[in-house]
Undergrad: 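Quick one: the structure is below, and I'll ask about it shortly.
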Amino acid sequence: MLDKVTRQEGLRELPELTLESDSRDYLARAARQAQAYDKYELIVDIDGHLHEGRFWGELLDYCENEVLRRDGKWLLKDGQNLPLVNVAMGMIFQAMQGRVSHQTGPREGVEDPAKHGHPFVQIVRRSIDSMGIDYQIVFPTAMLLLGLNPMPDIEIELSYAYCRWLTERILPDDKRILALGYLPFHSPEDCEKIVRKYADNPQITGFTICAARHAPVHDNMYMRLYRLLEEIGKPLAFHAGPNWDDPSFKTLNRFVSMHALTFPHYNMIHLTNWVINALPERFPKLKVIWVESGLAWVPYLMQRLDHEVLLRQNEAPGLKRRPSEYMREMYYTSQPLERFDLDLLKSTMTAINAETQLLYASDWPHWDFDTPGSITTLPFLSDQAKRNILGLNAARLFNLPVKRVRPRTEDVIAKRLQELGG
Amino acid sequence: MTDVVVGKVSEFGDPGRKVVDVRGKEIGIFQLDKTFYAYHNSCPHMDGPVCQGIVLPLTTEDVDPETCKGLGRGFSKKHTNIVCPWHGMEFDIRTGEHPTDAQFRLRKIPVRVEKDLVYVTV
Ligand code: FES
C-alpha cells in the first residue's frame with residue numbers, strides 16, 4: 001500500500017554544484033561517509049590543496065626582492081591570474097572544462113575574517129570538517145611547477161614568501177592546519193636556510209620538494225641539506241606534478257595521458273636516484289615520503305630495480321640490501337588511489353607494507369581527490385590497518401598527538417542542515 | 001514504499017533535472033525528450049552526488065571506416081549524460097550506464113507522471 005506524501009512534506013531541493021558552491025555542500029555526501037569512521041581516533045590528510053590564486057596578492061606582499069614583488073603585483077593588477085608562476089594558462093584542463101568545478105574553486109563566500117579567521121582557513125575548515133579530518137597538511141598548488149621555472153630566483157623568492165605567508169597569516173588561525181616548508185631545490189643553501197628557520201615550528205611538520213624538475217637528487221651539493229633534515233628529525237616529501245613540456249610527453253595528445261604518466265614519472269626518477277646512490281644508507285634516519293603519484297608504480301619500480309641491481313651490483317655498490325627493501329621503509333601517500341582492480345591494489349599494499357608505510361591523502365579540491373572513504377571501504381584491510389593509514393601512521397611520522405580534534409560528524413551535518421534551513 | 005510528488009512536469013526543462021532530498025534519501029529526476037528518469041544521487045565510483053553535476057552530450061570520436069583516420073572529437077546527437085561533479089564520471093541519462101564500462105551504473109528509482117505531477121517511489 002502506497003503512502004502518498006505531498007512535496008511540501010520533508011522535501012528539500014539540492015542545487016547543481018558549481019564553482020560558487022560552498023565546500024560543505026560539495027562535500028555533503030563525504031560528511032555522510034564520515035559517519036562510518038566517526039569512531040576512529042585520528043584522521044590526518046597529508047596533502048590538501050587550496051588554490052592560493054585568490055590570495056596571491058597577499059603572498060606577493062611577502063616577496064623580499066623589491067623588483068619581483070613590484071613585477072608580480074603589477075602583473076596581478078594587469079589581470080594575470082598567477083603572476084611569476086610558470087603555468088601554461090591555455091592548457092589547464094584539470095577541471096574537465098566545467099565537469100568538476102571544485103578543481104578551479106572554491107569561490108564561495110566566507111564569514112567575517114576578524115571573527116572566523118583568514119578566508120583560506122575558513123574554507124579549509126569547512127572541507128576537513130565535512131570529510132571528518134582532524135589535521136590537514138596543506139600544499140601550495142600554484143607552486144607545483146616552480147622547479148621548472150626558467151628563472152630560479154622566482155622559485156627562491158616565492159618559497160620564502162609562501163613560508164612566511166603560511167606561518168604568519170594562515171597557520172596561527174587554526175592548529176588543525178599543518179604544512180610542509182617549501183624547499184627551493186634550485187638552491188641548496190636557501191633550502192637549508194628555510195629548514196633552519198622553520199625547524200622548530202610545530203605546524204611545519206616537514207619539508208617538501210616539488211618533484212616536477214630536472215635535478216639530480218643525489219648530487220653532492222644536497223648532502224648537507226639531507227644531513228640537516230635528518231638531524232632535525234622532520235621528513236622530506238617529494239610532491240609529484242604534471243609537466244607537458246618534457247619532450248617525451250609532448251607526443252601525448254590528451255591531458256589524461258600526460259596526467260597519468262607524468263606524476264609517477266618524476267617520483268620514479270627521483271626515487272631511482274635516491275636508492276641507486278644509496279642515500280638510505282647515508283641518511284638512515286631521514287624519513288622520505290612520495291606524494292601524489294598513486295601507488296601502482298611502486299611495485300613496478302621495486303621489481304624493476306631489484307632485477308637490474310642484482311645483476312649489475314657494480315653500478316650500485318653502496319647498497320647493502322635490495323632496492324625494494326629500502327623502498328619498503330619509505331612512506332607513500334594514498335591519493336590518487338588506483339582502486340578499480342582490488343586484487344592488484346591488495347598486492348600493492350602488501351608490497352609497500354601499507355599497514356605501517358601508507359598515509360592517507362585527500363588532494364581536495366582537485367579533480368582526482370579521495371575521501372577517507374577510499375580507505376575505509378577497502379574490503380581487504382583490517383580495521384587496525386585502516387586506522388593506521390588514515391591517521392596513526394601520520395601521527396608516528398609527524399609526531400602528532402593521537403587525540404581527536406575534529407567535531408563529531410553528526411554535529412557537522414546537523415549544523416549545515418540548520419544553516420540551510422532544513 | 002512511498003510515492004512522493006517531486007514537482008509539476010512544467011517545472012522541469014527538457015532536458016531538465018531536479019535533485020531532491022526526501023527524508024534523507026537523495027534522488028535525481030531527469031526529463032529528456034518528454035520521458036522521465038530517476039536515480040539515487042549516489043555515484044557508483046565513490047558515492048559522490050552524481051545527479052548534481054552538469055548535463056552534457058556524450059563525447060564521441062568518429063573514425064573514417066575506410067582509412068581508419070580519426071576525425072576528431074564531437075558531441076553525440078543521441079546520448080545525453082549526467083556528469084558526476086566529484087571526479088567526472090559520466091552516465092547516460094536514459095540507461096544510467098557509464099559509456100565505457102556498464103558495470104558502473106546509476107541505481108534506478110521508479111518515476112511516473114500522473115495528471116501533470118511527477119512522482120517517484122522511495
Ligand atoms: S564519485 Fe562520482 S566520479 Fe567519483
Undergrad: Measure distances from A:Ala95 to the heavy atoms of chain B and classify the residue's part below 4.5 Å as side chain, backbone, both or neither.
TA: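 For A:Ala95, neither part sits under 4.5 Å from chain B.
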Undergrad: Side chain of B:Gln52, backbone of A:Pro15: donor and acceptor closer than 3.5 Å?
TA: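 Here the side-chain-to-backbone pair exists.
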Undergrad: NZ of B:Lys78: more than 12 outside heavy atoms within 6.0 angstrom?
TA: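 No - once you tally the heavy atoms of other residues, nucleotides and ligands closer than 6.0 Å, there are 12 at most.
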Undergrad: Can you find a pair of side-chain heavy atoms, one from A:Leu11 and one from B:Asp21, that are under 4.5 Å apart?
TA: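 SC-SC contact between A:Leu11 and B:Asp21 ruled out.
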Undergrad: Is there a side-chain contact (heavy atoms from CB on, under 4.5 Å) between A:Glu16 and B:Ile54 once you walk through the steps?
TA: CA-CA 7 Å; A:Glu16 179 173 315; B:Ile54 61 171; 3.3 Å; yes
Undergrad: Measure the spacing between CZ of A:Arg32 and CD of B:Glu26 and express it to the nearest 0.5 Å.
TA: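 Separation between the atoms: 4.0 Å.
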Undergrad: Is it the case that over 12 heavy atoms from other parts of the model lie below 6.0 angstrom from the CD atom of A:Glu410?
TA: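 Open: at most 12 neighbouring heavy atoms sit under 6.0 Å from CD of A:Glu410.
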Undergrad: Taking the side chain as every heavy atom from C-beta outward, state whether B:Leu56 and A:Arg99 have any pair of such atoms under 4.5 Å apart.
TA: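 Yes, their side chains come closer than 4.5 Å.
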Undergrad: Look at the side chain of A:Gln103 and the backbone N and O of B:His87, then say whether any donor-acceptor pair between them is shorter than 3.5 Å.
TA: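 No: the side chain of A:Gln103 does not pair with the backbone of B:His87.
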Undergrad: Considering heavy atoms only, which positions within residues 60-74 of chain B lie below 4.5 Å of chain A?
TA: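 B:Glu61, B:Arg73 fall under the 4.5 Å cut-off.
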Undergrad: Tell me, side chain or backbone of B:Asp101 under 4.5 Å from chain A's heavy atoms, or both, or neither?
TA: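 It is neither, since no heavy atom gets under 4.5 Å.
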Undergrad: Is there side-chain contact between A:Phe340 and B:His45, with heavy atoms separated by less than 4.5 Å?
TA: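 Side-chain contact under 4.5 Å: yes.
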Undergrad: Quick one, A:Leu14 and B:Pro49 - any side-chain contact, counting heavy atoms below 4.5 Å?
TA: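 Counting from C-beta outward, A:Leu14 and B:Pro49 never come under 4.5 Å.
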Undergrad: Main chain of B:Pro85, side chain of A:Tyr26: is a donor-acceptor contact present, judged purely on distance under 3.5 Å?
TA: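 Answer holds: yes.
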Undergrad: Strictly distance-based, threshold 3.5 Å: is any side-chain N or O of A:Arg29 a donor or acceptor partner for the main-chain N or O of B:Asn41?
TA: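 Between the backbone of B:Asn41 and the side chain of A:Arg29 there is a qualifying donor-acceptor contact (under 3.5 Å).
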Undergrad: Given that the side chain runs from C-beta out, which part of B:Cys51 has a heavy atom under 4.5 Å from chain A: side chain, backbone, both or neither?
TA: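 No part of B:Cys51 comes within 4.5 Å of chain A.
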Undergrad: If you round to the nearest 0.5 Å, how far is CH2 of A:Trp364 from CH2 of B:Trp86?
TA: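 The CH2 atom of B:Trp86 sits 8.0 Å away from the CH2 atom of A:Trp364.
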Undergrad: Please classify the contact of A:Thr371 with chain B as side chain, backbone, both or neither, using a heavy-atom distance under 4.5 Å.
TA: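 Contact with chain B is through the side chain of A:Thr371 alone.
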